[in-house]
Each structure stands twice: as structure tokens, then as C-alpha cells.
Amino acid sequence: MLNIVLFGPPGAGKGTQAARLVEKYNLVHLSTGDIFRANIKGETELGKLAKQYIDKGELVPDEVTIGMLESEVEKTDHAKGFIFDGFPRTTFQAEALDKFLDDKRTEITIMVALDVDDDELVKRILLRAKDSGRADDADESIIRNRIEVYNRHTAVVADYYAEKNKFKKIDGLGSINEISERLYNAIGA
Ligand code: AMP
């Protein structure tokens, strides 16, 4: 299996690039943010719970997020591999994912990070807000909080994969095509 963690701060372009990687490598895309938003739209209990955190730009608790992600993987038969987008966001989530994949006799192949500076992220997210309809995209103080949460809790997850020699960072500035090419080169499969 080819299991990719697509990593980077909010607004780095993970969703856009994940769609391309899905096409190129024939993988299943799992975005925890998208799954939460589908649950919010469907007014499920999980959605109601997640909304309280997402609206503030905080992380949904690990147990909830991990349980949800694992059940999505379980639902998928005969996948050639997965693109994890927006997960793991804490070292605890990364450890849980490793254990879970190990039980399934597979593992993370590589984490690739998109590197984009904070001011560019804020600009991109505010632009995206015009189409995304996401409340957490429309308010600059919430965006800044999401970036701060990323720097405080999520950025360290890169070290977790770097220690296992599974981490690569690429420049996230440029055209969508240029960034895709960099990703294909980094993944190299
Ligand atoms: P995203 O679409 O990846 O930017 O995620 C939107 C929001 O969903 C985040 O700001 C968090 O509140 C929540 N979320 C998504 N993925 C996770 C995760 N792995 N752990 C905790 N919260 C998450």
C-alpha cells in the first residue's frame, strides 16, 4: 500500500493537492475536516460535538477524531492506499494511527509537508472563504488561532515522522501544477 500523510498548516493547499494525488496514485482520500463538516451538515451527534471546537479554530479531542478516522478506514475495502489530509494533527494521533495501521499489516509510507508562510496562509484562507462557506475561514482571528494551534500542537508531528526517516518538506508557493510536480518527486512512487 501507498499511505501518504499530506501535512501542512491550514490554507497550505492540502485539499487541492490531495485531489491530484488521488488521481495520480489511485488512493482513497480521507480528510478529517471534510468528514467533520459532512457530520455538521447532517446534524449528527458527532457533528454537533465537533462544531463547538471547529467554530473556535480549536482541535476536536483526540479520542473522537481517532475513532472517526479509524471507522472511515474500516469502511473502505481493497484500497491501494490512503491519503490522510488534516490527520494526524497531534503526536498522540500519529501514534494511534501507527498502531492501527500496524494491526492491519501496513504503515505510513511518507509524510509530505507543504511549506507556506503565515501571512500567505491568512491571505489564501480569506480568499477561500468567499467560496468555501466555512465560518472558520471567514474570520481573521479564528484563522490566526488555527495557525497558532497548528504551531503549538501539530507542527511537532513532523518530528515524529522525521525520526522514522519518513518526512519530506516541499515549497508550497507556486502554481498548483508546480506544487503537484514537487509532490510527485517527493513521493517518488
Ligand atoms: P481542516 O479542514 O483540516 O482545516 O479542519 C477544520 C477543523 O476541523 C480544524 O480546525 C479542527 O477544528 C477540526 N479537525 C480536523 N482534523 C482534525 C484532527 N485531526 N484533529 C483535531 N481536529 C481536527
Side-chain angles (χ1 to χ4, degrees), residues 3-22 27-74 82-101 108 111-118 120-161 172:
N3 295 313
I4 299 170
V5 177
L6 191 54
F7 194 66
K14 298 188 294 295
T16 304
Q17 295 298 334
R20 296 186 152 215
L21 296 178
V22 163
L27 304 173
V28 174
H29 179 207
L30 289 182
S31 154
T32 40
D34 284 352
I35 304 166
F36 283 132
R37 282 184 288 278
N39 275 277
I40 292 171
K41 209 166 160 208
E43 296 180 358
T44 67
E45 286 307 311
L46 174 66
K48 281 179 209 159
L49 184 116
K51 189 174 184 331
Q52 296 169 26
Y53 297 91
I54 293 175
D55 282 354
K56 290 184 269 189
E58 298 292 332
L59 294 181
V60 178
D62 279 341
E63 301 71 40
V64 176
T65 308
I66 292 164
M68 177 183 83
L69 188 277
E70 292 184 354
S71 79
E72 288 294 321
V73 172
E74 297 288 6
F82 293 91
I83 297 185
F84 298 101
D85 161 5
F87 183 92
R89 258 176 158 98
T90 62
T91 303
F92 189 79
Q93 290 180 14
E95 287 166 354
L97 181 61
D98 265 0
K99 277 198 207 97
F100 177 69
L101 294 179
I108 292 299
M111 168 187 265
V112 270
L114 298 170
D115 189 27
V116 177
D117 68 77
D118 288 2
E120 173 70 16
L121 294 173
V122 175
K123 248 197 305 189
R124 285 189 190 181
I125 294 174
L126 285 171
L127 199 68
R128 179 172 79 183
K130 293 184 179 137
D131 296 317
S132 73
R134 285 174 56 172
D136 63 341
D137 280 352
D139 180 316
E140 182 160 345
S141 68
I142 293 172
I143 297 171
R144 295 260 175 212
N145 189 43
R146 287 161 64 198
I147 295 171
E148 199 185 310
V149 166
Y150 175 85
N151 289 330
R152 197 161 5 109
H153 298 287
T154 304
V156 289
V157 180
D159 300 338
Y160 178 86
Y161 290 96

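Counting starts at 1 for both ligands and their atoms, following the listed order. Residue numbers count from 1 along this sequence.
- Every atom of ligand 1 is numbered from 1 in the order shown, and the set under 4.0 Å from a heavy atom of Thr65 is 18 (C), 19 (N), 20 (N), 21 (C).
- Here is the list of ligand 1 atoms found below 4.0 Å of a heavy atom in Arg146: 4 (O).
- Atoms of ligand 1 lying under 4.0 Å from any heavy atom of Gln93, numbered from 1 in the order shown and given with element: 18 (C), 19 (N), 20 (N), 21 (C).
- The proximity of Glu58 to ligand 1, defined as any non-hydrogen pair under 4.0 Å, is limited to the backbone.
- Considering Thr65, Leu59, Thr154, Ile66 in turn, Leu59 is the only one that fulfils the side chain to side chain contact (heavy atoms under 4.5 Å, CB included) rule with Thr90.
- The atoms of ligand 1 that sit less than 4.0 Å from any heavy atom of Arg134 are 1 (P), 2 (O), 4 (O), 6 (C).
- Looking at Leu59, Ile54, Val149 and measuring to atom 13 (C) of ligand 1, the nearest heavy atom belongs to Ile54.
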field: Asp139 vs Arg146, salt bridge (charged side-chain N to carboxylate O under 4.0 Å, His left out): CA-CA, chis, key distance, verdict
entry: CA-CA 11 Å; Asp139 180 316; Arg146 287 161 64 198; over 6 Å; no

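- For atom 1 (P) of ligand 1, the nearest non-hydrogen atom of the protein is Arg89 NH2, 3.6 Å.
- With sequence neighbours left out, the salt bridge (charged side-chain N to carboxylate O under 4.0 Å, His left out) criterion links Glu140 to Arg144.
- For the side chain to side chain contact (heavy atoms under 4.5 Å, CB included) criterion with Met68, the lone passing option out of Ile35, Val60, Leu30 is Ile35.
- For ligand 1, the polar-atom distance check finds no N/O of Pro88 at less than 3.5 Å from any of the ligand's N/O atoms.
- In terms of protein heavy-atom proximity, atom 23 (C) of ligand 1 is closest to Phe36 CE1, 3.8 Å.
- Backbone and side-chain nitrogen or oxygen atoms of Thr32 are examined, and one is located within less than 3.5 angstrom of a nitrogen or oxygen of ligand 1.
- Counting heavy atoms under 4.0 Å from ligand 1, residue Val60 touches it through both backbone and side chain.
- Listed for the Lys51 side chain is no donor-acceptor partner under 3.5 Å among the backbone atoms of Phe36.
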- prompt: Passes ring pair (Phe, Tyr, Trp, His ring centres under 6.0 Å), Phe7 versus Tyr150? Steps please.
  reply: CA-CA 11 Å; Phe7 194 66; Tyr150 175 85; 5.7 Å; yes

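- Residues passing the salt bridge (charged side-chain N to carboxylate O under 4.0 Å, His left out) test with Asp159, sequence neighbours excluded: none.
- Distances below 4.0 Å separate heavy atoms of Arg37 from the following atoms of ligand 1: 2 (O), 6 (C).
- At most 12 heavy atoms of other shown residues, nucleotides or ligands fall within 6.0 angstrom of atom CD in Glu43.
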